[in-house]
There are 2 protein chains.
Amino acid sequence: MKRQTVQRTAIEQVMRHSGGPMSIEDILIYGRKIVPSLNQATVYRNLKFLIDAGRIRQIIHPMLGALYEETEKGHHHHFHCHQCNRVFELPGCVLKQDSVVPKGFIVESHDIFLYGLCPCCAQEV
Amino acid sequence: MKRQTVQRTAIEQVMRHSGGPMSIEDILIYGRKIVPSLNQATVYRNLKFLIDAGRIRQIIHPMLGALYEETEKGHHHHFHCHQCNRVFELPGCVLKQDSVVPKGFIVESHDIFLYGLCPCCAQEV
DNA sequence: GTCGTTGCAAAGCCTTTGCAGGGAA
DNA sequence: TTCCCTGCAAAGGCTTTGCAACGAC
């Protein structure tokens, strides 16, 4: 994997300008606005390449399946609004990892997924 | 869904005596020790039935896929040891839900997944 | 005897892979 | 020209569904 094709450039561009974590489908839809012939297999292959390169990260969201986001955003958590179905990135992390496990466990990392209503949808109710 | 078949009884029994969240494969393996003819489709159908009945809960674990556990265990989190590949249930929950979201968000529930080494495997290192 | 339930196989998703043609360097 | 990369189609996992036979009540 060394050649900069229009497909790879398009996928990188889509990831860079995304407002939050994206599904394969999202990436495909936006990518095809740049390269109409863009194929699903190509997206999967390039995402794998970008993951191996440490540029993006895959999240397995319990409600939404596989999502992808840039690693440069750092550690944060995800809020899923069950009304508008959007995923929000929450800045910071308040979890003191070691305080949640009994003695003896060594915590190396964690994922937190939150569910509820976003400010927009909360107002409407 | 009203009839108590040997298959359903077996699956309930397996769930009740499990040491932690179980995968479909686990349930199938242990269930077949009770009813050898037990079919995958039957397991899926009965798990769905038990979920609808509120007796068990499905967890989509980011590393391990779909797992099932009894709801009566209450809210807790899961620790995955990447050495022995077991999942541990951690008692209690220290997350103050509202402290992790910006103003306006309404948090209704959350999942926390922890990764690292269990006491057993931590000792060996 | 009813009709809910099962086993089997087929079909559906999502993701990966094989292959031949195409394009970046 | 080389050989990495793409599109397409087939194949792999996991889960769901259609259907005829079975069995709980």
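To find a chain, count down the sequence lines: A is the first, B the second, and so on, and within it residues start at 1.
- Residues A:His61 and A:His78 place their aromatic rings such that the two centres sit no closer than 6.0 Å.
- Residue whose closest nucleotide on DNA chain D sits further toward the 5' end, between B:Val6 and B:Gly65: B:Gly65.
- Between C:dG4, C:dG7, C:dT15, one nucleotide has an atom nearer to the side chain of B:Arg3 than all others, and that is C:dG4.
- Side-chain contact annotation: A:His77 with A:Asp111, donor-acceptor N/O pair under 3.5 Å absent.
- D:dC3 atom P lies 20 Å from atom CD of A:Gln4, rounded to whole Å.
- By the 6.0 Å contact criterion, CD on B:Gln58 is enclosed, its count of non-hydrogen atoms from other residues, nucleotides or ligands being greater than 12.
- No hydrogens or angles were tested; on distance alone, nothing pairs the side chain of B:Arg45 with the base of C:dG4 as donor and acceptor under 3.5 Å.
- A:Leu38 has its CG atom 15 Å from the P atom of D:dC5, to the nearest Å.
- Of all the heavy atoms in B:Glu70 and B:Arg57, the pair that sits closest is O-NH2, 3.7 Å.
- The phosphate of D:dC5 (OP1 or OP2) has no side-chain N or O of A:Thr5 nearer than 4.0 angstrom.
- Atoms CZ (B:Arg8) and P (D:dA24) sit 12 Å apart, rounded to a whole Å.
- Each of D:dT15, D:dT6, C:dT6 was ranked by its minimum atom distance to the side chain of B:Asn46; first place goes to C:dT6.
- As a whole-Å value, the separation of B:Gln7 CD from C:dG4 C1' is 12 Å.
- What separates CG of B:Asn39 from P of D:dC22 is a distance of 16 Å, to the nearest Å.
- Whole-Å rounding puts the A:Gln40 CD to D:dG7 P distance at 12 Å.
- Whole-Å rounding puts the B:Ile11 CD1 to C:dT6 C1' distance at 11 Å.
- Atom pair A:Glu25:CD and C:dT15:P shows a separation of 11 Å (rounding to whole Å applied).
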